[in-house]
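Have a look at the structure below, then the notes.
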Amino acid sequence: MTQFLPATSTAISQAADLLRDGQAVAFPTETVYGLGADALRPEAVLRIFAAKGRPADNPLIVHVAEVADVEPLVARIDARARLLMERFWPGPLTLVLPKAARVPNQVTAGLDTVAVRLPAHPVALALIREASRPIAAPSANRSGRPSPTTARHVYEDMNGRIPMILDGGACAVGVESTVLDLTEEMAVVLRPGGVTLEALRELLGEVRVDAAALAPLKKEIAPRSPGMKYKHYAPDATVVIVSGTEEGRAVLASRLYDEAKVAGERAVILAPAEQRCAYGPRVFRALGRSGKPGEAAAQLFAALRELDAQGFQRIIAEAVEAEGIGLAVMNRLCRAANFAIEHAD
């Protein structure tokens with residue numbers, strides 16, 4: 001049985017003992033819940049892959065509690081990395097740097113780089129400090145499922161697979177960290193997330209976004225970051241995205257909804273709250289408010305899990321503007337839909 005415990009100091013100490021013993025435990029961060037194990041013990045890291053059913057070529061992020069803890073994990077830290085750490089850590093930014101030899105290949109999927117971050121959550125920080133070791137941690141869900149933003153979501157996927165879940169409440173950001181590759185001359189966003197592209201460019205100047213942020217990664221290319229290669233964040237329901245003008249999206253989404261209903265599928269519209277009136281009697285689930293992509297980010301994964309629990313078979317989601325944290329929302333929607341996007345004329 002998996003222990004499901006409020007994140008008290010006693011429970012955090014128990015979780016730290018499990019980590020030191022080579023086990024995997026789930027814990028909250030400001031982005032999503034993570035499934036962590038000792039990043040320097042290959043057999044412990046493999047427990048993460050086993051619990052999630054995660055493909056071995058999908059690298060992990062190593063979490064630390066102090067900036068100084070990064071130094072033993074990497075071959076070098078350049079001036080850009082130090083500037084980013086000073087500005088955005090603790091916070092939802094992961095940096096990809098050349099790895100040190102002591103980091104196991106199981107963590108990096110055989111790459112010569114390692115992804116590191118310092119989370120901005122008191123429970124995560126307390127756990128890492130108590131365990132006294134870096135913690136490798138992807139999201140604490142079954143591989144491919146929507147990421148968990150509450151401990152209850154973790155329990156749905158991980159009960160019986162791991163020894164403990166620490167409940168620290170709902171996650172504030174709601175989507176995973178931004179992953180920024182600093183191994184090239186120009187910094188590259190591999191996965192958009194809680195730190196926006198605009199904020200990175202304000203600090204660094206030109207920053208490139210990898211083409212795979214909003215398009216499938218080519219099969220022959222190895223993923224350099226979590227969330228790049230596979231259909232990801234997906235509910236059991238089929239997801240389709242509609243894009244275009246506000247009016248065009250509503251017309252197209254209504255038609256797709258009606259076609260699904262005729263085909264005998266339970267369908268639902270997922271769109272900003274202000275769009276509810278555009279869909280008349282059709283089943284509607286609000287996802288934040290127009291012009292408030294942070295709300296959509298915080299609610300997205302919970303909404304996908306909720307709609308699954310209610311038995312919907314088709315989710316027709318309106319696209320959001322791929323600006324600010326909206327880029328991260330669209331990245332997650334595109335992968336949840338396996339890039340099934342319908343464009344309004």
Side-chain angles (χ1 to χ4, degrees), residues 28-33 91-92 120-121 146-150 152-153 169-178 191-200 202 209 213-214 232-235 237 239-257 266-310 312 314-337 340-344:
T29 78
E30 78 279 21
T31 57
V32 300
Y33 273 72
H121 195 288
S147 298
T149 54
T150 70
R152 181 56 57 181
H153 295 160
C171 300
V173 177
V175 292
E176 293 83 352
S177 61
T178 301
R191 180 184 72 185
V195 172
T196 67
L197 175 64
E198 292 81 357
L200 293 172
E202 183 178 341
V209 179
L214 294 177
H232 228 58
Y233 321 113
V239 180
V240 62
I241 301 168
V242 294
S243 70
T245 64
E246 183 176 291
E247 181 180 355
R249 292 195 306 267
V251 170
L252 177 55
S254 297
R255 178 171 63 79
L256 294 174
Y257 178 101
R266 290 194 65 206
V268 59
I269 305 290
L270 187 65
E274 293 86 346
Q275 287 287 85
R276 184 183 299 274
C277 291
Y279 291 105
R282 298 175 181 87
V283 181
F284 182 91
R285 170 55 159 90
L287 184 66
R289 292 172 290 172
S290 297
K292 302 283 185 179
E295 293 181 358
Q299 298 171 20
L300 176 60
F301 291 140
L304 294 178
R305 285 177 172 267
E306 171 193 314
L307 296 175
D308 255 359
Q310 293 173 358
F312 288 102
R314 184 168 295 270
I315 300 170
I316 302 160
E318 285 197 15
V320 302
E321 291 294 328
E323 298 177 352
I325 201 168
L327 178 61
V329 175
M330 276 303 294
N331 169 270
R332 283 14 175 227
L333 275 175
C334 285
R335 281 183 156 73
I341 304 174
E342 298 277 352
H343 300 277

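Computed over heavy atoms, backbone and side chain alike; hydrogens, waters and symmetry mates excluded. Every value quoted in this text rests on a predicted model; they were computed, and no experiment measured them.
- Taking both residues in full, the closest heavy atoms of Ala278 and Ser254 are given as O-OG, 4.3 Å, listed atom of the first, atom of the second, then distance.
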side-chain contact (heavy atoms from CB on, under 4.5 Å) between Tyr233 and Leu300, intermediate numbers included: CA-CA 10 Å; Tyr233 321 113; Leu300 176 60; over 6 Å; no
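- The neighbour count for Glu321 CD, taken as heavy atoms of other residues, nucleotides or ligands under 6.0 Å away, does not exceed 12.
- Across all their heavy atoms, Gly91 and Glu30 have their closest contact at C-OE2, 3.1 Å.
- Distance check, rounded to the nearest 0.5 Å: CG of Leu304 to NE2 of His153 gives 10.0 Å.
- Of all heavy-atom pairs spanning Ala297 and Val175, the tightest one is O-CG1, 3.8 Å.
- In this structure, CG on Asn331 lies 8.5 Å from CD on Glu176, to the nearest 0.5 angstrom.
- For the pair Pro146 and Ala234, the tightest heavy-atom approach, listed with the atom from each and the gap, is CD-O, 3.0 Å.
- Around atom CD of Glu306, more than 12 heavy atoms belonging to other residues, nucleotides or ligands sit under 6.0 Å away.
- In this structure, Ile316 CD1 and Ile241 CD1 are separated by 12.0 Å, a value rounded to the nearest 0.5 Å.
- Looking at heavy atoms from C-beta onward, Glu323 lies out of side-chain contact with Met330 at the 4.5 angstrom threshold.
- Ala322 and Leu214 get closest at one heavy-atom pair: CB-CD1, 4.3 Å.
- Atom OG1 of Thr150 and atom CZ of Arg152 lie 8.0 Å apart (nearest 0.5 Å).
- Considering only heavy atoms from C-beta on, Pro235 comes within 4.5 Å of Ile315 through its side chain.
- Of all heavy-atom pairs spanning Leu270 and Leu287, the tightest one is CD1-CB, 3.9 Å.
- For Thr149 (side chain) and Gly174 (main-chain N/O), no donor-acceptor pair under 3.5 Å exists by modelled atom type.
- Judged as a side chain to side chain donor-acceptor pair (under 3.5 Å), and not counting sequence neighbours, the contacts of Gln275 are Glu318.
- Applying the side chain to side chain donor-acceptor pair (under 3.5 Å) criterion to Ser290, with sequence neighbours excluded, gives Glu274.
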Chi angles and distances behind the side-chain contact (heavy atoms from CB on, under 4.5 Å) call for Val268, Arg266: CA-CA 7 Å; Val268 59; Arg266 290 194 65 206; over 6 Å; no
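- One finds the OG atom of Ser147 at 6.5 Å from the NE2 atom of His232 (value rounded to the nearest 0.5 Å).
- Arg191 contributes a side-chain N or O that, together with a main-chain N or O of Ser177, makes up a donor-acceptor pair within less than 3.5 Å.
- Considering only heavy atoms from C-beta on, Ser243 comes within 4.5 Å of Ile341 through its side chain.
- Separating the CZ atom in Arg285 from the CZ atom in Arg276 is a distance of 9.5 Å, to the nearest 0.5 Å.
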